[in-house]
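Residues take their numbers from the sequence shown, with the count starting at 1. Ligands are counted one by one from 1 in listed order, and the atoms in each one are counted from 1 as well.
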Amino acid sequence: MEKGLHVKKNDQVTVVAGKDKGKTGKVLRIDRKDHRVIVEKVNVIKRHVRPSQKSKGGIIERENFIDVSNVMHFCEKCSKPVRVGTRTLEDGKKVRFCKKCQEVLDK
Ligand SMILES: [Zn+2]
C-alpha cells in the first residue's frame, strides 16, 4: 500500500463527507497522484452524449473522483465506517484491521 492512501481497489468504503455522505460502495479506481478515488455509485455525474458513429448518444451516468479523505473503511462486522490500523503478521505480511472489532480486512 502506498503512503498516504488508506484504501485499495475493491475495498468497501463509506463516504463520510460531501453530497453522497453515508453511501457505501466498492472502490473502483484510485488516483494515487491526486489522492482521489472512484467509488461505485458515488458522485455520479450525468453526461449528455451526442450521437456518433460509435454510440447512439443519450445520457451516460458515470462515477467521478472524490477525495480519499472523504471515505472511510466499511467494516462488515461492525456494519459501519471504522478506523483502520495496520499490523505485521508473523510471516512479515502487513494487513489492515478494524480498530473497533480487530477484524482483519485484508484476506
Ligand atoms: Zn469492525
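The side-chain hydrogen bond (donor to acceptor under 3.5 Å, both in side chains) contacts involving residues 55-71 comprise Asp67-Ser69, where partners must be two or more places apart or lie in separate chains.
Protein N/O/S atoms closer than 2.8 Å to the Zn ion (ligand 1): Cys75 SG, Cys78 SG, Cys98 SG, Cys101 SG.
Arg29 forms no cation-pi arrangement with Phe65, by the criterion of a distance under 6.0 Å to the ring centre and an angle within 45° of the ring axis.
Atoms NZ and CG, from Lys41 and Asp20 in turn, are 12.5 Å apart once rounded to the nearest 0.5 Å. Here OG1 of Thr24 is found 11.0 Å from CD of Glu40. Values are rounded to the nearest 0.5 Å. Between Asp106 atom CG and Lys93 atom NZ the span is 7.0 Å, to the nearest 0.5 Å.
At least one donor-acceptor pair closer than 3.5 Å links the side chain of His73 to the backbone N or O of His6.
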